[in-house]
Amino acid sequence: MSQATPTLIRPTEEHVLLRDLARQFTDERIRPAAAEIERTHCVPRELLAEMGEVGLFGVAIPEEYGGSGLGETGLCIVMEEITRGDFATAVTYGASASIGAMSILLGGNAEQKRRFLPELAAGKLFGAYALSEANAGSDPGAMRTSARRDGQDWVLDGEKVWITAGDIADIVTVYAVTDAKKRAKGGISAFLVPKGTRGFSVGKREEKMGQRGSATVTLVLDGVRIPDELRLGEVGDGFRIAMQSLDRGRLALAANCLGCAREAHALSAKYAAQREAFGKPIGEQQAIQWMLADSATEIFAMEGMIERAAALCDAGEVFSRESAMTKLFASEALDRIVDRAVQIHGGMGYSSEFVVEKLYRDARVTRIYEGTSEIQRLVIARDVLKRGK
Ligand code: COS
């Protein structure tokens with residue numbers, strides 16, 4: 001179901017080519033596999049490897065580190081397109097290409113970037129991001145995972161929960177308390193923990209309402225010894241790295257919402273033109289027309305917000321507020337759009353034989369993960385009060 005209109009108002013030629021590539025890959029490789037990915041609860045490693053081969057993992061990584069340097073704008077384009085085929089595949093991809101790689105790009109020193117980013121860009125190394133804990137979701141400053149210095153090493157203990165792709169990641173950015181008195185104010189540090197490190201293991205896997213193909217796991221750290229050279233940023237800089245990575249992650253997530261919304265809307269428009277009631281297609285009934293009009297309008301707003309926020313990010317501006325606004329609006333609009341899609345499909349929309357049933361389930365978590373809607377409002381309101389506007 002290809003869209004004729006590109007998201008960008010003035011896309012560069014490279015961004016147009018990138019969208020074509022991501023769209024073709026989605027239509028040929030991801031969409032046909034989506035039902036199987038959902039059924040088996042697994043995005044095949046071979047599919048991720050293929051995405052690496054065609055260059056999708058390096059989109060937001062600068063050229064000097066082996067990426068294509070197409071920035072957050074490029075990443076949003078890929079996220080949107082892949083999500084049209086399968087949300088679970090897109091979030092699995094994003095665990096490495098977005099939030100996993102970005103924490104190294106934002107927090108790493110030159111040596112760490114040279115060592116890890118080219119392999120992440122090629123999709124040969126898979127990254128992930130581990131911040132949340134059982135009692136520290138919206139309030140990560142309350143985390144309990146600790147890192148204590150021991151000679152040239154650090155020893156990490158604790159448990160991280162809700163980690164996307166934590167089961168397949170080769171390298172995980174783990175945030176841990178290094179100063180319990182300071183916490184979010186300089187008492188949290190970031191560490192790169194390679195898979196296979198002694199004491200580092202995968203625990204429980206969540207059974208989820210939607211996005212079932214993407215693995216969401218607990219990671220257990222039991223006396224995990226990490227050399228100081230795998231610490232990201234300065235000691236105490238971890239909270240800043242985590243938040244800056246989330247600024248980008250939230251924007252990419254808004255692009256996921258846009259992709260899912262487009263799919264639900266296109267399916268609804270097609271169904272409304274075909275399905276008849278009272279002697280004519282339901283799309284000719286005003287009740288259905290209003291739903292289609294509202295969804296089209298919200299999709300248009302999402303496109304504009306994502307484009308502007310990504311442009312700010314790529315220009316090196318602070319965009320925390322814009323990222324939070326875009327994530328808030330996109331996830332809440334998506335919720336309304338998938339709800340309308342189910343309503344338009346009637347009883348068929350409630351059947352797992354129809355894709356909109358899956359889209360409805362896939363969408364719900366977007367108002368929760370990478371910061372709930374309530375946290376986005378908090379970020380926005382704090383900035384309003386700080387700037388006085
Ligand atoms: N960019 C850079 N620095 C940031 C930042 C950002 N976006 N957000 C916060 N910081 C800095 C602050 O400037 C502050 O630094 P100083 O100590 O130098 O002043 C420090 O981090 C602490 O910030 P703050 O006082 O705002 O921390 P809080 O504990 O109040 O937390 C919120 C702020 C609620 C916004 C943060 O905890 C949050 O985003 N929570 C949701 C987490 C989340 O999204 N979880 C999902 C997990 S990932 S799937």
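Since this is a predicted model, take the numbers as computed values, not measurements. In each ligand, atom 1 is the first atom listed, and ligand 1 is the first ligand listed.
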Suppose we screen for side chain to side chain contact (heavy atoms under 4.5 Å, CB included). Which residues come up paired with Pro281, at least two apart in sequence or across chains?
Glu276, Glu284
Would a search of protein heavy atoms around atom 47 (C) of ligand 1 find one under 4.0 Å away?
yes
Looking at Arg225 and Thr197, what are the two nearest heavy atoms and their distance?
O-CG2, 3.8 Å
Applying salt bridge (Lys or Arg N to Asp or Glu O under 4.0 Å) to Glu133 and not counting sequence neighbours gives Lys160
Taking Arg212 for its side chain and Lys208 for its backbone only, find out whether a donor-acceptor pair lies under 3.5 Å.
yes
Ligand 1 and Lys185, any nitrogen or oxygen pair closer than 3.5 angstrom?
yes
Using heavy atoms and a 4.0 Å limit, tell me yes or no: is Arg250 in contact with ligand 1?
yes
Counting heavy atoms only, which part of Leu246 comes closer than 4.0 Å to ligand 1: side chain, backbone, both or neither?
side chain
Answer yes if the side chains of Asp157 and Ser146 hold a donor-acceptor pair under 3.5 Å, and no otherwise.
no
Heavy atom of protein inside 4.0 Å of atom 18 (O) of ligand 1, strictly below:
no
Ranking Arg240, Met243, Gln376, Arg183 by closest non-hydrogen atom to atom 9 (C) of ligand 1, top hit is Met243
Hey, which atoms in ligand 1 end up nearer than 4.0 Å to a heavy atom of Gln244?
1 (N), 2 (C)
Option with minimal heavy-atom separation from atom 49 (S) of ligand 1, where the choices are Glu370, Lys182, Glu133
Glu370
Please tell me if atom 6 (C) of ligand 1 is touched by the protein, where touching means a protein heavy-atom distance below 4.0 Å.
yes
Flag the pair Phe191 / Trp154 as yes when their ring centroid distance falls below 6.0 Å, and as no otherwise.
yes
Give yes or no for whether the N/O distance cutoff of 3.5 Å, strictly under, is met between Ser320 and ligand 1.
yes
Residue-level breakdown please: for Ser138 versus ligand 1, do any non-hydrogen atoms fall below 4.0 Å on the side chain, on the backbone, on both, or on neither?
backbone
Please list, in number order, the atoms of ligand 1 under 4.0 Å from a heavy atom of Pro140.
37 (O), 40 (N), 42 (C)
Residues Leu120 and Leu125: closest non-hydrogen pair is CD2-O, 3.3 Å
Give yes if a backbone or side-chain nitrogen or oxygen of Val379 is under 3.5 Å from a nitrogen or oxygen of ligand 1, and no if not.
no
Heavy-atom neighbours of Tyr360 OH exceed 12 at 6.0 Å:
no
Any protein heavy atom < 4.0 Å from atom 13 (O) of ligand 1
no
Going by distance only, is there an N or O of Asp247 that falls short of 3.5 Å from an N or O of ligand 1?
yes
Atom 45 (N) of ligand 1 sits nearest the protein heavy atom Gly137 O, 3.5 Å
Using the rule that Ile, Leu, Val, Met, Phe, Trp and Tyr join whenever any side-chain heavy atoms are under 4.5 Å apart, tell me whether Val172 and Phe126 fall into a single cluster.
no
Paired with Ile99, the side-chain contact (heavy atoms from CB on, under 4.5 Å) test is passed by just one of Arg250, Arg248, Glu370, namely Glu370
Would you say Arg382 has any N or O atom under 3.5 Å from an N or O of ligand 1, going by distance alone?
yes
Which atoms from ligand 1 have a heavy atom of Phe239 less than 4.0 Å away?
20 (C), 21 (O), 22 (C), 23 (O), 27 (O), 31 (O), 37 (O)
So Phe354 and His345, would you call those rings parallel, tilted or perpendicular, with 30° and 60° as cut-offs?
perpendicular
Please confirm whether Ala184 comes under 4.0 Å of ligand 1, counting heavy atoms of the residue only.
yes
Indicate, as side chain, backbone, both or neither, the part of Tyr369 found under 4.0 angstrom from ligand 1 when only non-hydrogen atoms are considered.
neither
What's the separation between atom CZ in Arg148 and atom OG1 in Thr178, rounded to the nearest 0.5 Å?
13.5 Å
Just which atoms of ligand 1 are under 4.0 Å from any heavy atom in Ser132?
47 (C)
All heavy atoms of Tyr129 vs all of Leu246, minimum pair found to be OH-CG, 3.4 Å
